[in-house]
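To keep things clear, I will list the structure first and then write my remarks on it.
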Number of protein chains: 4
Amino acid sequence: MAIEKRGGIFAKRRQRRISRRRDEILKAAARIFAEKGYAGSTTKEIAAQADIAEGTLYNYFDGKREILLAIVNASQAPLETMLQEVRELRGREDLIALAEKIFDSLLSQTPFTRTVMVEAWLDDVILQGVVMERMQRIGQHLQAFITARVEAGAFRPVDPVLTSWMVIGMFSAIILPILRGHTPSPSPERRRALAEAAVDMLLDGIRVREG
Amino acid sequence: MAIEKRGGIFAKRRQRRISRRRDEILKAAARIFAEKGYAGSTTKEIAAQADIAEGTLYNYFDGKREILLAIVNASQAPLETMLQEVRELRGREDLIALAEKIFDSLLSQTPFTRTVMVEAWLDDVILQGVVMERMQRIGQHLQAFITARVEAGAFRPVDPVLTSWMVIGMFSAIILPILRGHTPSPSPERRRALAEAAVDMLLDGIRVREG
Amino acid sequence: MAIEKRGGIFAKRRQRRISRRRDEILKAAARIFAEKGYAGSTTKEIAAQADIAEGTLYNYFDGKREILLAIVNASQAPLETMLQEVRELRGREDLIALAEKIFDSLLSQTPFTRTVMVEAWLDDVILQGVVMERMQRIGQHLQAFITARVEAGAFRPVDPVLTSWMVIGMFSAIILPILRGHTPSPSPERRRALAEAAVDMLLDGIRVREG
Amino acid sequence: MAIEKRGGIFAKRRQRRISRRRDEILKAAARIFAEKGYAGSTTKEIAAQADIAEGTLYNYFDGKREILLAIVNASQAPLETMLQEVRELRGREDLIALAEKIFDSLLSQTPFTRTVMVEAWLDDVILQGVVMERMQRIGQHLQAFITARVEAGAFRPVDPVLTSWMVIGMFSAIILPILRGHTPSPSPERRRALAEAAVDMLLDGIRVREG
DNA sequence: CATGAATGAGTCTTCATTCAT
DNA sequence: GATGAATGAAGACTCATTCAT
């Protein structure tokens, strides 16, 4: 019986091993990049954090920059799967649920998200290709919701694009200190409360209704 | 007749010349830092941008890091003077006026503001000592306003701290693409419109009043 | 019945297999070394060219340097056997035949020859122990021939050592562009013509005899 | 009186200082490259040989490869000026004089010449653009001489190209051991003798004229 | 004060060699 | 024996800082 070479059990095991190692390196690098920024981090630190030799990095990635790009890519996944589950937004509950899910997906791997947020300030590829792209996808859902309601006469005739931007800003303001490590990650209950507060402000503002 | 050295007219001229040169360097450095981040910038680039020799930088600053800190400090001034003029906030008009002023002061020297925003992600000194400090000062005004109104029964019983955070987030979302260079700086009319939109959303939300 | 281990048929087969594999590796390495030089080649490239894993190299050779030395050694064989067949040189025909044989042996494995030629420029061991040694052996034949003829009054009283050096230079000039890959390998007829041209120049020069 | 900036005496002095330093570096690098080959040499060694810090190399050259190319270029000069002085070759004396001059120019800066010879084995740019180009220029002079004489009936109808190649080979054989450092540089008298021996062999061969 | 060449510690990356599987 | 991942020493190159002019 010949040794299975392709598609065999060994090849699969090997693939898994490689994949696992890559993930470890990415996690280590994301922690470093999140703390010091890409340019301020060294491959030596990354290797130490991943508990491997510096040279080993290059068995898994073509270079420091490729590690960054892999992190950026990996950061896509949670939000991506989340967005694919989004149904049409109909009312307050849908918005709150969406907000909660966005919280969860962004906070599920804070070093990755933080790395992306930092580098988007400096790198146009990351800003345009990743951050903007994602924000626009979330924005589209919001805008569709707002536009429909405006036409139905339920919402004031606001600018849907600007409004969705401001909503995203509101949520970002909540998440930022957590990403930055300035505030601990909130409990699920707290997340729900934050989502409600934001959505209620969006819908009704803070002024008491006179009617 | 000896040349006056201290306090004389020459000494003052010298002071002014030094001060002017420092400002030029800061402006040059801020442009570079804003584009590439502190760690990604070189003193050579800064010197070239400032049109001086590399060594000359060290006649005005103790090192690269000190240039950054000076930029961070310089970025304080506009917001500072602006905040000192703020009177008690009483209603929609006051909020809009405040928003406009914040826009103006942050956008009056975008490279400085952008540099601070980027580095605050990485440097705790800058985050705590500068960014947070400023946000809290703005926040205090908002919170005082909100608290008073809640007590007066004019506002719903929202959490003033959280609300002010979200407001700051809304404004940030508007300013960010401008700072980042992704969107051109808005005209005064546009700034007014943006401020109104944000304040109205804060006060009344987007839902049509039923009464 | 136990498997014969020493001197048995299996052991011989094993020896042959090992020997064959070593030769494959040498051929692969010589191709690489000839193109990029020893220092400019990597064990990874050699392994790839030999279609084996990098680690396998070390089952057949102690290291990169040993591969080079084995190539240098292997390059000896053809010239060696050729030189052992050389009889006393008596005249034009013998010289031409010798020249042809030298061509053949040097061109029979160009990557090996080229590798040796390149590294002899840099490595004293190779220069002294191999290249010089061979040239001197060829030189001795020529010098014996020249000396005898000079004494017999058939040749002018030239310096035999210098003359043999120049002859070797003439031949080298012909071979060099072929080794270097700049010129295709010449046909047997062409080789004969080249050999004749060189020998005739040696014997009679290019000037027309006046007698 | 303003400080002269362009074309002034200071600028010229500076140019000279830079030029001198570049030459020192090239000399040092050529020594190292000649001994160990380009790929086998390190910038550390070059810097040490030039008695400067490693980083200083990069103030004068863009990188290791550019140092090599500068050496290759610098090696052009002596042969170049020499070739421009060459008049039409008419007879034995002209050939001897040419040979002597070629000796001189190649040996005037042996590390440069040796570096070029070694790298030409490995680098097509150097082989084609430099070595071949030079050999062809020398070759053209020889070929013109040979062709004219053949047509005049003074030379046998040899192939001029092949013959000039062989002549170059003869000379190379004489120079090689000197370049390689295997033989000391010959005295002017010895050079003259070598040139005569080579030219006489070219013209008349070594066989005694029967007439 | 201005200059910019010199410095060398530190960076990213390569590669010969080892060794567990 | 064959494999190829792991290693870390060493290499080319960068850059903040110093200092002689």
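Just so it is clear, the structure is predicted and the values come from calculations on it, not from any experiment. Each chain gets a letter, A, B and so on, in the order the sequences are listed, and its residues count up from 1.
In this structure, the side chain of D:Arg114 does not engage the main chain of D:Ala30 through any donor-acceptor pair within 3.5 Å. For the pair D:Thr56 (side chain) and D:Ile52 (backbone), a donor-acceptor distance under 3.5 Å is absent. The backbone N or O of D:Pro111 sits less than 3.5 Å from a side-chain atom of D:Thr115, completing a donor-acceptor pair.
Closest to the side chain of D:Arg14, from the set E:dC1, F:dT3, E:dA5, is E:dA5. Listed nucleotides: F:dT3, E:dA5, E:dT7. Nearest to the side chain of D:Ala53: E:dT7. When each of E:dT3, E:dT7, F:dA5 is scored by its nearest atom to the side-chain atoms of D:Ile52, the top-ranked nucleotide is E:dT7.
C:Asn59 is linked by a side-chain hydrogen bond (donor to acceptor under 3.5 Å, both in side chains) to nothing, counting only residues two or more places apart in sequence or in another chain. Considering only residues two or more places apart in sequence or on other chains, B:Phe112 meets the ring pair (Phe, Tyr, Trp, His ring centres under 6.0 Å) condition with none of them.
Among residue pairs with one or both ends in residues 14-33 of chain D, those qualifying as side chain to side chain donor-acceptor pair (under 3.5 Å) are D:Arg31-D:Gln49; sequence neighbours excluded. Each ring pair (Phe, Tyr, Trp, His ring centres under 6.0 Å) pair with one or both residues in residues 28-50 of chain A, not counting sequence neighbours, appears once here: A:Phe33-A:Tyr38. Listed by first then second residue, pairs satisfying salt bridge (Lys or Arg N to Asp or Glu O under 4.0 Å) with a partner in residues 34-55 of chain B read B:Lys36-B:Glu45, not counting sequence neighbours. Annotation: side chain to side chain donor-acceptor pair (under 3.5 Å) contacts involving residues 60-77 of chain A, sequence neighbours excluded, comprise A:Arg65-A:Asp123, A:Ser75-A:Arg134, A:Gln76-A:Arg134.
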Please test C:Ile71 against C:Ile67 for side chain to side chain contact (heavy atoms under 4.5 Å, CB included), starting from the C-alpha separation and ending with a verdict. CA-CA 6 Å; C:Ile71 287 172; C:Ile67 296 177; 4.2 Å; yes
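In plain terms, the two heavy atoms of C:Val131 and C:Ala120 that are nearest each other are CG2-CB, 3.6 Å.
Distance D:Glu45 CD to F:dA12 C1': 13 Å, rounded to the nearest Å. In this structure, the CG atom of A:Asp51 is 11 Å from the P atom of F:dG8, given to the nearest Å. Going from atom NZ of A:Lys44 over to atom P of F:dA9 covers 10 Å, rounded to whole Å.
Near DNA chain F, meaning a heavy atom under 4.0 Å away, there are no residues from residues 18-37 of chain B.
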Protein-nucleic acid N or O pairs under 3.5 Å, nucleotides 17-19 of chain E:
unit_1 : atom_1 : unit_2  : atom_2 : d
E:dT17 : OP2    : C:Tyr58 : OH     : 2.9
E:dT17 : OP2    : C:Lys64 : N      : 2.9

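When the side-chain nitrogen and oxygen atoms of B:Asn59 are compared with OP1 and OP2 of E:dC1, none of them lie within a distance under 4.0 Å.
Residue-level contact check: D:Arg13 touches neither bases nor backbone, having no heavy atom under 4.0 Å from any strand. Residue-level contact check: D:Tyr60 touches the backbone only, with heavy atoms under 4.0 Å from sugar-phosphate atoms and none from bases. Within 4.0 Å of D:Leu57, counting heavy atoms only, lies no atom of the nucleic acid at all.
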Just the dot-bracket of DNA chain F, please: which string comes out with Watson-Crick or G-U pairs under 3.5 Å, [ ] for crossing, | for another strand? .||||||||||||||||||||
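Residue-to-nucleotide proximity on DNA chain F shows that, of A:Arg17 and D:Ala39, the 5′-proximal contact is made by A:Arg17.
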